[in-house]
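The structure presented is a predicted model; accordingly, all values stated were derived computationally and were not measured. We name chains A, B, ... by the order of the sequence lines, and we start the count at 1 in each one.
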Amino acid sequence: MSVVCDDEVVKRWEREQASLRQRVVEEDTEAWQRCPRFSTLERVGGVDLSFIKGDEVNACAQLVVLSYPDLEVLYEDSQMVRLTAPYVAGFLAFRETPFLLEALRRLERDRPQLLPQVVLVDGNGLFHYREFGLACHLGVLSGIPCVGVAKNLLQVQGVTKSEEHQSQISALLLKGGDSFPLTATSGRVLGKALRSSDTSSKPVYVSVGHRISLDSAVRLTHSCCRYRVPEPIRQTRTFSALDPPLDCAVLLSFSHLCSCSPHCT
DNA sequence: GCGACAG
DNA sequence: ATCTTGTCGC
């Protein structure tokens, strides 16, 4: 909630974004991306951080890997972490990326054969104030193709939640897979609004993270959706009763009890 | 001053 | 991000 931040830090972050940004690859680089139904794609990852209500510092970093196209869980990793950076709009990556990279490194160390061929990231990629959102940041630092999928529209570069945007949603997004471009004032297409399933009228906002084209990113996102939020990201919040990384499950499901206790820090 | 602000 | 209650519909 707090957008209190240090000017010096933000300046440094801006420089780092400008520098890393040059390493983003906005095109398809993988053979599977060119296949009609992504026929040689086998594993899709999803990452996210979860918080408990009043706590800005402690979070649960999660990585799941699903089979493709069946979307069954192949791997799940949950780790309690202590965040150092605050949330500042436009600089989400500095808060979350270190822990997502750690999770990818653990996977590479323990089960390298399960490394995902692409990761769906909760947040934006190129659709960002300086065209370098979380999905680009994680993509560049990991080298893995990444796609940004945001649940809310970020109003940047002339893209707004206007009446026009609302009417585009109702006029153009008639069925799952329908999409329309999010075009900056400059004329550059930064992402697409996607109706991710037939039953959800509220779109998700897809943008390129790294090493994938926008069209592939949209097609892939749609093909990973059973509900509005793509499965790899959605599964990140699902704690299986079996195979339990219980640290997080217990903490999250009993957080309502915890918050009543005066002795709970 | 007012509104906007991914997660 | 997270909380919260019910309500409507298949």
Side-chain angles (χ1 to χ4, degrees), chain A residues 1-5 10 13-14 17 21 46-63 78 80-101 103 119-139 146-162 165 182 184-185 190-194 196-209 217 221 226-230 232-234 236-239 248-249 251-260 264:
Chain A
M1 207 119 295
S2 61
V3 187
V4 185
C5 49
V10 168
W13 283 352
E14 276 182 355
Q17 286 181 331
R21 179 185 155 178
V47 289
D48 187 34
L49 260 61
S50 310
F51 296 81
I52 57 177
K53 67 173 178 186
D55 196 334
E56 289 275 290
V57 172
N58 296 294
C60 185
Q62 304 221 81
L63 165 64
S78 303
M80 288 304 300
V81 297
R82 285 185 81 81
L83 303 193
T84 52
Y87 170 66
V88 182
F91 301 94
L92 182 62
F94 294 93
R95 181 165 164 80
E96 301 199 346
T97 292
F99 307 101
L100 303 180
L101 280 170
V119 177
L120 302 192
V121 179
D122 202 338
N124 293 300
L126 288 182
F127 184 54
H128 177 269
Y129 302 91
R130 291 162 298 278
E131 298 176 19
F132 194 73
L134 175 60
C136 298
H137 208 119
L138 184 66
C146 284
V147 174
V149 183
K151 297 183 290 297
N152 293 292
L153 180 69
L154 185 60
Q155 302 194 120
V156 289
Q157 301 201 34
V159 178
T160 61
K161 293 178 198 164
S162 55
H165 181 73
L182 304 165
T185 313
L190 299 180
K192 286 191 174 184
L194 167 71
S196 50
S197 79
D198 287 335
T199 53
S200 67
S201 55
K202 184 177 178 179
V204 295
Y205 299 94
V206 179
S207 57
V208 169
T221 302
R226 286 214 248 268
Y227 307 102
R228 178 174 173 267
V229 174
I233 293 175
R234 204 179 73 89
T236 247
R237 296 160 193 229
T238 305
F239 297 95
C248 296
L251 222 159
L252 290 172
S253 34
F254 292 98
S255 59
H256 58 295
L257 299 179
C258 234
S259 63
C260 301
C264 189

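- Atom CG of A/Asn124 and atom C1' of B/dC5 are 12 Å apart (whole Å).
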Give the intermediate values and the outcome of side-chain contact (heavy atoms from CB on, under 4.5 Å) for residues A/Thr221 and A/Lys192.
CA-CA 11 Å; A/Thr221 302; A/Lys192 286 191 174 184; over 6 Å; no
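- Contact annotation: A/Lys161 does not reach the phosphate of B/dA6 (side-chain N/O to OP1 or OP2, under 4.0 Å).
- Using a 4.0 Å heavy-atom distance criterion, A/Gly148 is classed as making no nucleic acid contact.
- If you take CZ of A/Arg234 and P of B/dG7, they are 17 Å apart, rounded to a whole angstrom.
- One finds the OG atom of A/Ser78 at 12.5 Å from the CZ atom of A/Arg237 (value rounded to the nearest 0.5 Å).
- The closest donor-acceptor contact from the side chain of A/Thr185 to the backbone of A/Gln157 lies under 3.5 Å.
- The stretch residues 91-99 of chain A touches DNA chain B through A/Phe91, A/Leu92, each having a heavy atom under 4.0 angstrom from the strand.
- A tilted orientation is assigned to the rings of A/Phe132 and A/His137, their planes being inclined by 30° to 60°.
- When the P atom of C/dC3 is taken as reference, atom CZ of A/Phe51 falls 12 Å away, rounded to whole Å.
- For the residue pair A/Thr160 / A/Gln155, no side-chain donor-acceptor distance below 3.5 Å is found, with atom types taken as modelled.
- Here the P atom of nucleotide C/dG9 and the CG atom of A/Asp198 are 20 Å apart, to the nearest Å.
- As a whole-Å value, the separation of A/Tyr205 OH from B/dA6 P is 12 Å.
- Applying the 4.0 Å criterion to OP1 and OP2 of C/dT2, one finds that A/Arg237 has a side-chain N or O inside that range.
- The closest donor-acceptor contact from the side chain of A/Arg130 to the backbone of A/Gly90 lies under 3.5 Å.
- Phosphate contact (OP1/OP2 of C/dA1, side-chain N/O of A/Lys53, threshold under 4.0 Å): absent.
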Does A/Leu138 form a side-chain contact (heavy atoms from CB on, under 4.5 Å) with A/Leu101? I'd like the steps, not just the answer.
CA-CA 7 Å; A/Leu138 184 66; A/Leu101 280 170; 4.0 Å; yes
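- The phosphate of B/dC5 (OP1 or OP2) has no side-chain N or O of A/Tyr87 nearer than 4.0 angstrom.
- With the 3.5 Å cutoff on both pairing distances, Watson-Crick and G-U pairs in DNA chain C never assemble into a run of at least 3.
- Within the 4.0 angstrom heavy-atom criterion, only backbone atoms of the sugar-phosphate kind lie near A/Asn152; the bases stay farther away.
- With rounding to whole Å, A/Trp13 atom CH2 is found 19 Å from B/dC5 atom P.
- In this structure, the NE2 atom of A/His137 is 18 Å from the P atom of B/dA6, given to the nearest Å.
- Distance CD/A/Gln62 to CZ/A/Phe99: 14.5 Å, rounded to 0.5 Å.
- Stretches of at least 3 consecutive Watson-Crick or G-U wobble pairs, with each checked distance under 3.5 Å, do not appear in DNA chain B at all.
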For the pair A/Gln17 and A/His128, evaluate side-chain contact (heavy atoms from CB on, under 4.5 Å) and give the outcome as yes or no after the intermediate values.
CA-CA 11 Å; A/Gln17 286 181 331; A/His128 177 269; 3.9 Å; yes
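- Straight-line distance from the OH atom of A/Tyr129 to the P atom of B/dA4: 12 Å, rounded to whole Å.
- Without hydrogens or angle criteria, A/Arg95 side chain to A/Leu83 main chain gives no donor-acceptor distance under 3.5 Å.
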Could you please spell out the steps behind the side-chain contact (heavy atoms from CB on, under 4.5 Å) verdict for A/Tyr227 and A/Val229?
CA-CA 6 Å; A/Tyr227 307 102; A/Val229 174; over 6 Å; no
